[in-house]
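Below is one structure; the comments refer to it alone.
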Amino acid sequence: MLIQKPKGTYDILPEKAFQRTFLENKIRKIFYDFNYSEIRTPTFEKTSLFKRGIGEETDIVSKEMYTFNENEFTLKPEMTAPVVRAYLENSLYNESPLQKLFYITNMFRRERPQAGRFREFSQFGAEAIGSSDYLSDVEMILLADSILKNFGIKDVAIKINTIGTIAERNIYLEEFRKYLSGHLPELSPDSQRRFEKNPLRILDTKSEKDLQILAEAPVLYEYLNESTKENFEKILSALRSLNLNFITDYKLVRGFDYYTSTTFEFISDSLGAQNSLFGGGRYDLLIDQLGGKPTPAIGFAAGIERLMMILENGNFEFPSEKKLKLFIVTMNEESKNLALRLISDLRNKNLRCEMDFLNRSLKSQMKEANRQNAEYVIVIGEEEIRTNKAKLKKMSDGSELEISDISDLNSEILN
RNA sequence: GCGGGUAUAGCUCAGUAGGUAGAGCGUCAGAUUGUGGUUCUGAAUGUCACGGGUUCGAUCCCCGUUACUCGCCCCA
């Protein structure tokens, strides 16, 4: 073994690849049902797109991007900024005031890999650009929830919060900082660092002592305007009337700079430390920030590897790839040539067929047919070639059917 | 960037109180010369992660490196 895969990447071998395709198609179907349309963007973008979009100070931009060509380009570490870029560059707002877009794609972040985290990973997500209506928030959460339900996933907690407008947040942050500065030495080292960089994220702490200090801290929600709170309550009551189970979590804050007001997260216990399955929220400032007219928008992203992990832990039954219609067992050169012609015909009729390419014994070929889950087997030897008759063997019960004309297999197998 | 754990066959793992290794599964072949699944028999495959040290001798003990893995940070 001379060369190994790069750290944090993984090979998707045939069995898993089949499952992934199945999963992606199922997700795609749900997006279409919600009237979202697929969008694909380049694997890399101008580095400045992510600096402006995600925020220069975030961990992702400051130290986790794969950047090349003298920092000009970067492998996409997330999809919201590229989607918005494509939205603006192609003037999609002129086609319809509300664009509902989804994507399923891989992305790249140079983090330390661990359970549920890779350097090349895949996400699917949706972006609804153009509506500030609270029902747009509701639909987005319903969409995410619907995907989970379609896979029969139950043990996922939905957390919802609003972090208000920038103006509201700034007023709060001033008070929050004032309060914390009195407790600074008692805070965990992590939180002390956040105090300088991104104080809001201190709310996300896991430290017991921090939580005690936070218990007395001012609460963001109380600093929001009436209209913001009202809008949030409308979202919640709409979700309630749809019988969606969720919890409001005033401490839910997300890492990217572009989030405003509504934020939400779907959490699962069966994911290890990286327990977030879906994450999303409103980003009403991003489009303006990237040079467009101020346009409200909301979206979410979900990790495919994490979804796969949950499905595997939950023993989700993926369909199996192996369902060969027919395996033709051959005995000699002449029968091989005939078999190749026969399976070519059947393949042209979209039937999955196979024959031996290893010059193996009859017994071995039978075993191979069995291993590949062939529905039928035909043995073609000298006798069959001479009489142009053969036996079609059904592998599930061993029954055999006489075929009067070998070159006319199709109708017999198809029924 | 910082911590913990692990490294033996394709896979899961055992093992040697230091004398260069095994099991199960899988793969391949055969069980009187044209019919699979069950059963039985047999076979192949390891520089025991890499480099150094101790030793007559290291897969085993010590040091280092690398990889993998779990966690912190951050996030999907």
Side-chain angles (χ1 to χ4, degrees), chain A residues 1 3-10 13 54-55 57-65 77-80 103-125 144 188-194 197-198 201 204-207 253-256 259 264-268 271-280 299-310 324 327-332 335 358 360-384 390-400:
Chain A
M1 190 66 244
I3 299 172
Q4 292 173 288
K5 64 182 166 8
K7 187 195 288 289
T9 63
Y10 59 96
L13 302 180
I54 307 173
E57 290 306 311
T58 60
D59 278 22
I60 289 183
V61 171
S62 64
K63 59 185 193 201
E64 294 174 356
M65 298 211 297
E78 63 103 46
M79 259 307 258
T80 301
Y103 57 83
I104 303 176
T105 187
N106 49 349
M107 38 197 77
F108 309 85
R109 292 179 199 169
R110 209 183 58 242
E111 304 177 275
R112 276 293 285 272
Q114 61 181 269
R117 175 197 289 168
F118 304 89
R119 289 184 164 185
E120 179 177 8
F121 60 103
S122 297
Q123 289 188 348
F124 58 90
S188 67
D190 278 336
S191 290
Q192 292 191 26
R193 236 182 312 114
R194 288 166 174 164
K197 231 174 69 181
N198 190 352
R201 288 207 61 86
D204 216 24
T205 187
K206 287 165 189 163
S207 148
V253 287
R254 314 211 71 255
F256 298 158
Y259 283 113
F264 61 90
E265 210 167 280
F266 288 32
I267 307 278
S268 168
L271 286 175
Q274 310 305 318
N275 62 359
S276 169
L277 179 60
F278 286 68
F300 75 78
I304 290 187
E305 291 79 5
R306 293 182 187 179
L307 178 59
M308 281 294 284
M309 224 195 269
I310 289 180
L324 209 51
F327 189 102
I328 300 184
V329 173
T330 52
M331 307 297 291
N332 56 38
S335 63
L358 295 171
R360 298 213 274 190
S361 68
L362 177 135
K363 191 186 180 74
S364 296
Q365 292 186 48
M366 287 303 294
K367 280 188 175 179
E368 187 62 32
N370 187 61
R371 190 195 353 255
Q372 297 216 28
N373 237 317
E375 197 175 335
Y376 296 102
V377 167
I378 284 181
V379 177
I380 299 180
E382 287 170 27
E383 176 81 10
E384 285 79 5
K391 283 180 180 138
L392 180 66
K393 179 166 184 171
K394 191 173 187 177
M395 293 297 270
S396 56
D397 58 12
S399 65
E400 291 186 333

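Letters go in sequence order (proteins before strands), and every chain restarts at 1. Computation of the quantities below employed the complete heavy-atom set of this structure, encompassing side-chain atoms and omitting hydrogens, waters and symmetry-equivalent molecules.
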A/Ile380 vs A/Met331, test: side-chain contact (heavy atoms from CB on, under 4.5 Å). Steps then yes/no.
CA-CA 7 Å; A/Ile380 299 180; A/Met331 307 297 291; over 6 Å; no
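- Taking the six-membered ring wherever Trp is involved, the centroid distance between the rings of A/Phe278 and A/Phe124 falls below 6.0 Å.
- When the side-chain nitrogen and oxygen atoms of A/Arg371 are compared with OP1 and OP2 of B/rU27, one or more of them lie within a distance under 4.0 Å.
- The side-chain heavy atoms of A/Phe121 and A/Arg306, taken from C-beta on, include no pair separated by under 4.5 Å.
- Interface remark: the A/Gln274 side chain does form a donor-acceptor pair with the B/rC74 base, using a distance-only criterion of under 3.5 Å.
- Rounded to a whole angstrom, the distance from the C1' atom of B/rU41 to that of B/rU32 is 15 Å.
- Within the 4.0 Å cut-off from OP1 or OP2 of B/rG30, at least one side-chain nitrogen or oxygen of A/Ser361 is found.
- The side-chain ring of A/Phe121 is stacked on the base of B/rA76, judged by centre separation under 5.5 angstrom and plane angle under 30 degrees.
- Within the structure, a side-chain polar atom (N or O) of A/Lys7 is placed less than 4.0 Å from OP1 or OP2 of B/rC68.
- Side chain A/Arg117 to base B/rA76: no donor-acceptor pair is found below 3.5 Å.
- Checking the phosphate oxygens (OP1, OP2) of B/rC28, a side-chain nitrogen or oxygen of A/Arg360 falls inside 4.0 Å.
- Shown here is A/Gln372, whose CD atom has more than 12 heavy atoms of other residues, nucleotides or ligands within 6.0 Å.
- Following rounding to the nearest Å, A/Arg119 (CZ) and B/rG1 (P) show an atom-to-atom distance of 8 Å.
- For A/Gln114 and B/rG71, the shortest distance from a side-chain N or O to OP1 or OP2 is below 4.0 Å.
- In terms of position along RNA chain B, the nucleotide closest to A/Glu368 lies nearer the 5' end than the nucleotide closest to the other residue of the pair A/Glu368 and A/Val377.
- For A/Asn370 against B/rG37, a side-chain-to-base donor-acceptor contact under 3.5 Å is absent.
- Each of A/Glu383 and A/Arg193 was assigned the nucleotide of RNA chain B with the nearest heavy atom; the assignment lying further toward the 5' end belongs to A/Glu383.
- For the C1' atom pair drawn from B/rU45 and B/rC11, the interatomic distance equals 13 Å after rounding to whole Å.
- Evaluation of atom-type donor-acceptor distances gives a pair under 3.5 Å for the side chain of A/Lys393 against the base of B/rG36.
- Contact check, A/Arg201 against B/rC75: a side-chain N or O comes under 4.0 Å of OP1 or OP2.
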